[in-house]
S.K.: 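This is the structure, below, for whatever I ask next.
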There are 2 protein chains.
Amino acid sequence: MSATPKLTVTTGPLPASEKVFKAGVIHPHIRVPMREISVHPTANEPPVTVYDASGPYSDPSVDISIERGLPRLREGWVEARGDTELYKGREVQPADNGFVSPAKMTPEFPVKNTPRRAIGGKAVSQLAYARAGIITPEMEFVAIRENLGRQQAHEALVRDGESFGASVPDYVTPEFVRDEVARGRAIIPANINHPELEPMAIGRNFLVKINANIGNSAVTSTMAEEVEKLVWSTRWGADTVMDLSTGRNIHNIREWIIRNAAVPIGTVPLYQALEKVNGIAEDLTWEVFRDTLIEQAEQGVDYFTIHAGVRLKHIHLTANRVTGIVSRGGSIMAKWCLHHHRESFLYEHFEEICEIMRAYDVSFSLGDGLRPGSIADANDAAQFAELETLGELTQIAWKHDCQVMIEGPGHVPMHKIKENMDKQLEVCGEAPFYTLGPLTTDIAPGYDHITSGIGAAMIGWFGTAMLCYVTPKEHLGLPDRDDVKVGVITYKIAAHAADLAKGHPAAKVRDDALSRARFEFRWEDQFNLSLDPETARSYHDQTLPKEAHKVAHFCSMCGPKFCSMKISHDIRDAAKAKDGMAEMSAKYRDGGDLYVPVKAPAPTVG
Amino acid sequence: MSATPKLTVTTGPLPASEKVFKAGVIHPHIRVPMREISVHPTANEPPVTVYDASGPYSDPSVDISIERGLPRLREGWVEARGDTELYKGREVQPADNGFVSPAKMTPEFPVKNTPRRAIGGKAVSQLAYARAGIITPEMEFVAIRENLGRQQAHEALVRDGESFGASVPDYVTPEFVRDEVARGRAIIPANINHPELEPMAIGRNFLVKINANIGNSAVTSTMAEEVEKLVWSTRWGADTVMDLSTGRNIHNIREWIIRNAAVPIGTVPLYQALEKVNGIAEDLTWEVFRDTLIEQAEQGVDYFTIHAGVRLKHIHLTANRVTGIVSRGGSIMAKWCLHHHRESFLYEHFEEICEIMRAYDVSFSLGDGLRPGSIADANDAAQFAELETLGELTQIAWKHDCQVMIEGPGHVPMHKIKENMDKQLEVCGEAPFYTLGPLTTDIAPGYDHITSGIGAAMIGWFGTAMLCYVTPKEHLGLPDRDDVKVGVITYKIAAHAADLAKGHPAAKVRDDALSRARFEFRWEDQFNLSLDPETARSYHDQTLPKEAHKVAHFCSMCGPKFCSMKISHDIRDAAKAKDGMAEMSAKYRDGGDLYVPVKAPAPTVG
């Protein structure tokens, strides 16, 4: 086994930012993190509170050690519920790491934890508790987080948006969270074996969330790079992270990731199952898959993508598609079904999958194995046949008290996007929707974060609860750290644009604060309030680098004479010096004697 | 005067591309350029024809000399109409170049052309000809260009879109173009003094167009950089270019730009007028402005942004805005009006402006001086008061046979975008709409090409005819060459996504060709068909650089075992070897004897 590589991750706060904590009321021991961005004292404005998914890494008071993992803050909460037991757990097998040679094996995570599972067949999911009328610490944590620190009844909240029938409340109470979870309209992905998690909710009536994908492939990337991608992606705002590794060392890499993840971790267990049968899809079996579910549930994976909607009878609907089946999991299951002339083992054994997941509170992400991978294939029969099946499976999962979200497309031109949302709401009982984009055109590989950012903003507005990011490398290769950041920022834009359009009561606070900073030439404040302060500052400094420029009432776009904001200030100052702009202008509103009519045309030109 | 700097611009075709020309029928002498992208012979597919705004620079058979300028291809067309005369023209004044010292003056363009103007007060605009029932060479040029080489009745055109009441035809005829121009629903910006222009149309029923902004500021940039930005931006797809220079040498720089521009050039004459009065807005006069209009019309500017909608009585409506007036021209006019306690001289002298513009066929771009510069200010009273005025001015301009388009916002959250389109259609008689974005959130300086790309795609879908690009440098500084490219590509994405969603009959051809190339692992074809082949190729090569990789049936995202497209091919091959996928799958469609029902749950887990 090779030595543990030197692991460095990015730590420290973003500029002008402080991590603050709010305590619970029902559960006073909980400490809910959020980020306060301070502005210059001359602004005479309070800090702006924003949602913070970055975990302890951005807390300067925390000593980070990747080898130790994050604090196991939920351990006591789970134990206190008294419905789980520690048990021996499964032995790690060579197959779990893809039969990698010792020389190339990723070192094991140094701490071995004992896994928990439900006692006596109970469901230990947030859904089960919610249905029983219980407000868990996780639910209260979510409520406080979603409020971004605002106090009930101390603010005038302007509701200005179009939410297409959503029910975003003025103020999120723990009871509201419980109710949303109980009715399946929101999930709190929170495996009992992932106590390092800072709980969050995915649901139409909460802030729109985003997911970043990490994970190695057979061709490239190492554990150290993947852990840094986890930390890096959440630093910029990823709310959950999926480990989509398909190479070697899947088990060991995942342990390092989960032990260091403050956000929910999702996986596609089918990938590892395929590695266990040496990449031969036809050799997959229910037994290998089942074993993989348990292996991953014991590690603490918070949600599984399960492609149980790829049924044998659907596959022929893809025969004439331009891009066939573009989902890895979907193509693997289709290959298996056709080879064996059998119904999908995921579909057949679905209730057994539920029984496993309810014992650990792993949420379902019902996979869209037949999503369209090109504009030509959008909204076709294959895609919607699968969606119907996912609707059916949602009811079965709920019957077992399993939390469920539904995955969605893909490549969809703008005029076909709303139909996806409408159908999903109708067919899947309002379970949260979790889309990949969608990309609104195929013609721009290298820029698919943008082609998909357009579709993601729109489908988020229409009600999608979580948006899976797309990086500039989509269709071309595995993303690196820079691609991850660009993908995350793009999707934070899409999610926030959606929150604004839905009329989320707190969304506009940040836009307004930044625009005031911009108008008042508080350059540092403008940068610090933005999604990426470093980039904003460095772009500004490319043409105006001196510190004196940071109080300049212009930038290099227009220069000092032409800055419209500077001129706007001049106008307002002059107006104040006289009678006030309104009074000045009002005298002329009705065409008083100073109004000069338009002249007749002059006789010559030139 | 300093020596002419060494001028290099980017020339040569894009990969796998050939510039082809189609001849006119009504006007057989016209040669309309378009670009054919060839794919690998094994694909057995014809080249894909795409719109080409790049001009002679991408034609390897043309010898480019910036000092000579482009061929004056329209000169004969204008002369043949017999309704214009050559005349002495105006002398260039020191004020025209901002009183720059000889040491810092940009050299004059080496060739001095004699300007033309209408004879005897006639209107020589495309609108006047269209109304008279004349199909000009410009109109036929546009019709051929908009058809992208497709032949009438030889293709089955699928109309799949939602155009919100637009009238995009299956096939564009010269008569259709004439009719759209005659009713004011489209414009062909084509100053008689810009014979180098390859004519194009801006209108809701044509392909959505994009504009790139270039121009120096007092702080930075030179003529050589600006000419290269012109060539560079059109290479990547800019359909028009605005020269927004606000520094010195405005006149001389503009001459270099227009003489080398195959696309329409727009300006904001107010900027140069302000330079002529040493930057003191209050010192502006109608006479200085009028002189500037003539100066620029003689040079060949194709459209003028005129902020005649900023009326005195509107200005107080901006008093409580978060970001005041963000338009340079709008803020200058507001300052002038308030200082003088007078109605805008642009509004008062509007008919005289029309008389000048109709004599050269300069189109109006009625400026949105009161557009919202923040989410908070979107769709407010100031903005719509100005829009009402622009509607009134449109009718006046049309009365004078002047072509008109209407500028639009700005910063607008998604739920408020459609209202802008609906109001503009209603108030401005269906004159083409030309928006700046809009940006759908304020919180991402450094990424405003993306925040605005979202809004631009949507408003283009709703009917906006041209989208003014935004670069990553928006709000931060003057864009450089790289920023220009990113802005152009982003806006090509937005425009094309809009064409697709509107159901433009030819839009999907490129998406489908690229997706077929993707599915068949014709990597080079995928890159070559994309908006930015170099970037797509280089991103792919970051992890798989060898030539052998260009025929690999995978990339580094998933590797050889997990590539869903590879697996999709395997499935199809296997199905063909048996009875065909449809037959195989159909046997199981109705749950035949190979369907195994879902098992009862297993009694234990873990």
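All values reported here derive from a predicted model rather than from experimental measurement.
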S.K.: Pick one of side chain, backbone, both or neither for B:T440, based on which atoms fall under 4.5 Å of a heavy atom in chain A.
M.R.: both
S.K.: When only pairs under 4.5 Å are counted, which of B:P445, B:C354, B:A497, B:P472 shares the most heavy-atom pairs with chain A?
M.R.: B:P445
S.K.: Below 4.5 Å from any heavy atom of chain B, which atoms of A:S374 appear? Answer side chain, backbone, both or neither.
M.R.: both
S.K.: Picking from B:L514, B:T246, B:T535, which has the most non-hydrogen pairs under 4.5 angstrom with chain A?
M.R.: B:T246
S.K.: Using heavy-atom distances under 4.5 Å, tell me whether A:R518 contacts chain B through its side chain, its backbone, both, or neither.
M.R.: side chain
S.K.: Taking side chain as everything from C-beta outward and backbone as N, CA, C, O, which of these in A:E474 sits under 4.5 Å from a heavy atom of chain B? Side chain, backbone, both or neither.
M.R.: both
S.K.: Distance check, rounded to the nearest 0.5 Å: A:I450 atom CD1 versus B:Y447 atom OH?
M.R.: 11.0 Å
S.K.: A:D512 and B:A376: which non-hydrogen atoms are nearest, and at how many Å?
M.R.: OD1-CB, 3.4 Å
S.K.: Counting N and O atoms only, with roles assigned by atom type, does the side chain of A:R572 sit under 3.5 Å from a partner on the main chain of B:A319, one being a donor and the other an acceptor?
M.R.: yes
S.K.: Taking side chain as everything from C-beta outward and backbone as N, CA, C, O, which of these in A:I489 sits under 4.5 Å from a heavy atom of chain B? Side chain, backbone, both or neither.
M.R.: side chain
S.K.: Is it the backbone or the side chain of A:K566 that comes under 4.5 Å from a heavy atom of chain B, or both, or neither?
M.R.: neither
S.K.: Side chain, backbone, both or neither: which part of A:Y271 has a non-hydrogen atom closer than 4.5 Å to chain B?
M.R.: both
S.K.: Search all heavy atoms of A:M458 against all heavy atoms of B:W461 and return the closest pair with its distance.
M.R.: CE-CZ3, 3.6 Å
S.K.: Among B:A494, B:S538, B:G446, which residue forms the greatest number of heavy-atom pairs with chain A at distances under 4.5 Å?
M.R.: B:G446
S.K.: With sequence neighbours left out, write down each residue that passes ring-ring contact (aromatic ring centres under 6.0 Å, His included) with A:H411, or none if nothing qualifies.
M.R.: A:H475
S.K.: Who among A:R537, A:R90, A:Q526 has the most heavy-atom pairs with chain B under 4.5 Å?
M.R.: A:Q526
S.K.: Can you tell me which of B:K473, B:K416, B:M565, B:R510 forms the most heavy-atom pairs within a distance under 4.5 Å of chain A?
M.R.: B:K473
S.K.: What part of A:D160 lies closer than 4.5 angstrom to a heavy atom of chain B: side chain, backbone, both or neither?
M.R.: both
S.K.: Evaluate side chain to side chain contact (heavy atoms under 4.5 Å, CB included) for A:L476 paired with B:Q542, printing each intermediate quantity in order.
M.R.: CA-CA 9 Å; A:L476 301 170; B:Q542 277 181 22; over 6 Å; no
S.K.: Could you tell me which portion of A:L274 (side chain, backbone, both or neither) has an atom closer than 4.5 angstrom to a non-hydrogen atom of chain B?
M.R.: side chain
S.K.: Does any backbone or side-chain atom of A:R321 lie under 4.5 Å from a heavy atom of chain B? Answer side chain, backbone, both or neither.
M.R.: both
S.K.: B:K502 versus chain A, heavy atoms under 4.5 Å apart: side chain, backbone, both or neither?
M.R.: neither
S.K.: So which residue, B:D570, B:D483, B:I325, B:L244, ends up with the most heavy-atom pairs under 4.5 Å with chain A?
M.R.: B:I325
S.K.: For A:D442, does its backbone N or O pair with a side-chain atom of B:D511 as donor and acceptor, under 3.5 Å?
M.R.: yes
S.K.: Only pairs of heavy atoms separated by less than 4.5 Å count here; which of B:T490, B:I332, B:V322 has the most with chain A?
M.R.: B:V322
S.K.: Who pairs with A:E162 by salt bridge (charged side-chain N to carboxylate O under 4.0 Å, His left out), at least two apart in sequence or on another chain?
M.R.: none
S.K.: Indicate the atoms forming the closest heavy-atom contact of A:A457 with B:M414, along with that distance.
M.R.: O-CE, 3.2 Å
S.K.: Any chance you could measure B:I493, atom CD1, to A:T451, atom OG1, to the nearest 0.5 Å?
M.R.: 6.0 Å
S.K.: When heavy-atom pairs shorter than 4.5 Å are enumerated against chain B, which of A:A507, A:G324, A:A297, A:G121 gives the highest number?
M.R.: A:G324
S.K.: Please flag which part of A:L500 lies under 4.5 Å from any non-hydrogen atom of chain B: side chain, backbone, both or neither.
M.R.: both
S.K.: Would you give the length of the straight line joining atom OG1 of A:T441 to atom NZ of B:K492, rounded to the nearest 0.5 angstrom?
M.R.: 11.0 Å
S.K.: Do side-chain atoms of B:S331 reach the backbone of A:S568 as a donor and acceptor pair under 3.5 angstrom?
M.R.: no
S.K.: Going through the checks in order, is the side chain to side chain contact (heavy atoms under 4.5 Å, CB included) test met by A:F519 and B:V326?
M.R.: CA-CA 9 Å; A:F519 190 62; B:V326 298; over 6 Å; no
S.K.: Write down the atom of A:T323, the atom of B:S515, and the distance for their closest heavy-atom approach.
M.R.: CG2-O, 3.6 Å
S.K.: Is it the backbone or the side chain of A:P115 that comes under 4.5 Å from a heavy atom of chain B, or both, or neither?
M.R.: neither
S.K.: Need one label for A:K335: side chain, backbone, both or neither, based on atoms under 4.5 Å from any heavy atom in chain B.
M.R.: both
